[in-house]
Amino acid sequence: MRIDVVTIFPDYLRPLELALVGRAASRDLVDIQTHDLRAWTHDVHRTVDDSPYGGGPGMVMRPEPWDAALRDIVARDPSRRPRVVVPTPAGVPFTQSYAAELAEQDWLIFCCGRYEGIDGRVVDAWADDEISIGDYVLAGGEVATLVMVEAVTRLLPGVVGNAESIIDDSFAHGLLEGPVYTRPPVWEGRAVPEILRSGDHAAIARWRREEALRRTRRRRPELLDRIELSDADRAVVAS
Ligand SMILES: N#Cc1ccccc1Cn1ccc2ccc(-c3cc(N)[nH]n3)cc21
């Protein structure tokens, strides 16, 4: 997969050079290129913003640099059509299934806005997806892009060593993941649940599902309406 990110703060995307995503890039499992939007400005001040039509606070990102940047980047591989993603607080919620959908693409371009956002005509002309990572307002699209690139990259083949761990992900089954434990068996007087040290894998799987059901019921009950529950699951949720 190729991922291009356009931003006025390229250094904000440096974390993509680290850890899981950085390792995936070094193994050529993903090719991530970051671009400074100001490279597509031509005035001495490299201006990317202007006052909003209709008045109001803040500034809006001008259409011309964005259109020039996207035309240039897309033209670099005429045989492929990228999926253009614009992070925005007004977007469709980003979910694990959305990450899986984006992970199926072979080329993503993330457009990181700043100020009060990108001129709506550019978004209309170019965006395939306008995505929100949560109901709060960030100062720009870079953090949302970091979140989405990590969530998508970890789903790419070969990136996560133990493929099972992404299958058992929180949300993969529609439930929140239950608690996890490691050594020591007792820490500060708190013991690891005995079942996890029993070696009875069927019982352990059942316990983990029950913990996931209980945690989901407590923290995100609305998720339970979206999944098929067995009679045993319903008994746990009702208890
Ligand atoms: N747009 C806008 C906007 C509107 C009002 C006030 C401040 C901003 C800042 N901003 C500019 C670009 C941009 C991109 C994404 C987010 C974003 C995403 C999520 N999920 N929260 N915030 C915010 C962004």
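A salt bridge links Arg220 with Glu222: the distance from a Lys NZ or Arg NE/NH1/NH2 to an Asp or Glu carboxylate oxygen falls below 4.0 Å. Note on Arg206 versus Asp200: no salt bridge recorded, every NZ/NE/NH1/NH2 to OD/OE distance being 4.0 Å or above. A salt bridge does not link Asp233 to Arg217: none of the charged nitrogens lies less than 4.0 Å from a carboxylate oxygen.
Applying the side chain to side chain contact (heavy atoms under 4.5 Å, CB included) criterion to Asp28, with sequence neighbours excluded, gives no partner residue. Taking Glu101 as the reference, Arg83 meet the salt bridge (Lys or Arg N to Asp or Glu O under 4.0 Å) condition, with sequence neighbours excluded. Evaluation of the side chain to side chain contact (heavy atoms under 4.5 Å, CB included) rule for Ala25 yields Val30 as partners, not counting sequence neighbours. For Glu116, there are no salt bridge (Lys or Arg N to Asp or Glu O under 4.0 Å) partners two or more places apart in sequence or in a different chain. Considering only residues two or more places apart in sequence or on other chains, Glu104 meets the salt bridge (Lys or Arg N to Asp or Glu O under 4.0 Å) condition with none of them. Listed by chain and residue number, Tyr181, Trp207, Glu211, Arg215 satisfy the side chain to side chain contact (heavy atoms under 4.5 Å, CB included) test with Pro179 (two or more places apart in sequence, or in another chain). Among residues two or more places apart in sequence or in another chain, the side chain to side chain contact (heavy atoms under 4.5 Å, CB included) test is passed with Tyr53 by none. For Asp31, there are no salt bridge (Lys or Arg N to Asp or Glu O under 4.0 Å) partners two or more places apart in sequence or in a different chain.
The closest donor-acceptor contact from the side chain of Asp106 to the backbone of Met1 lies at 3.5 Å or more, if one exists at all. Checking side-chain atoms of Thr216 against main-chain N and O of Leu176 turns up a donor-acceptor pair under 3.5 Å. Asp124 places no side-chain N or O within 3.5 Å of a backbone atom of Arg121 that could act as its donor or acceptor partner.
For Glu142 and Thr7, the side-chain atoms include at least one donor-acceptor pair closer than 3.5 Å. Using modelled atom types, one finds a donor on one side chain and an acceptor on the other under 3.5 Å when comparing Asp72 with Trp40.
Side-chain contacts under 4.5 Å among hydrophobic residues (ILVMFWY), followed directly or transitively, place Leu18 with no other residue at all. Hydrophobic side-chain contacts under 4.5 Å tie Val180 to no other Ile, Leu, Val, Met, Phe, Trp or Tyr residue.
The salt bridge (charged side-chain N to carboxylate O under 4.0 Å, His left out) analysis of residues 36-61, with sequence neighbours excluded, yields no pairs.
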With a 3.5 Å cut-off and sequence neighbours excluded, list the donor-acceptor pairs that the side chains of residues 183-194 form with protein atoms.
none

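Distance check: Arg234 CZ to Leu224 CG gives 10.0 Å after rounding to the nearest 0.5 Å.
Proximity of Asp129 to Val92: side-chain heavy atoms (C-beta onward) are nowhere separated by under 4.5 Å.
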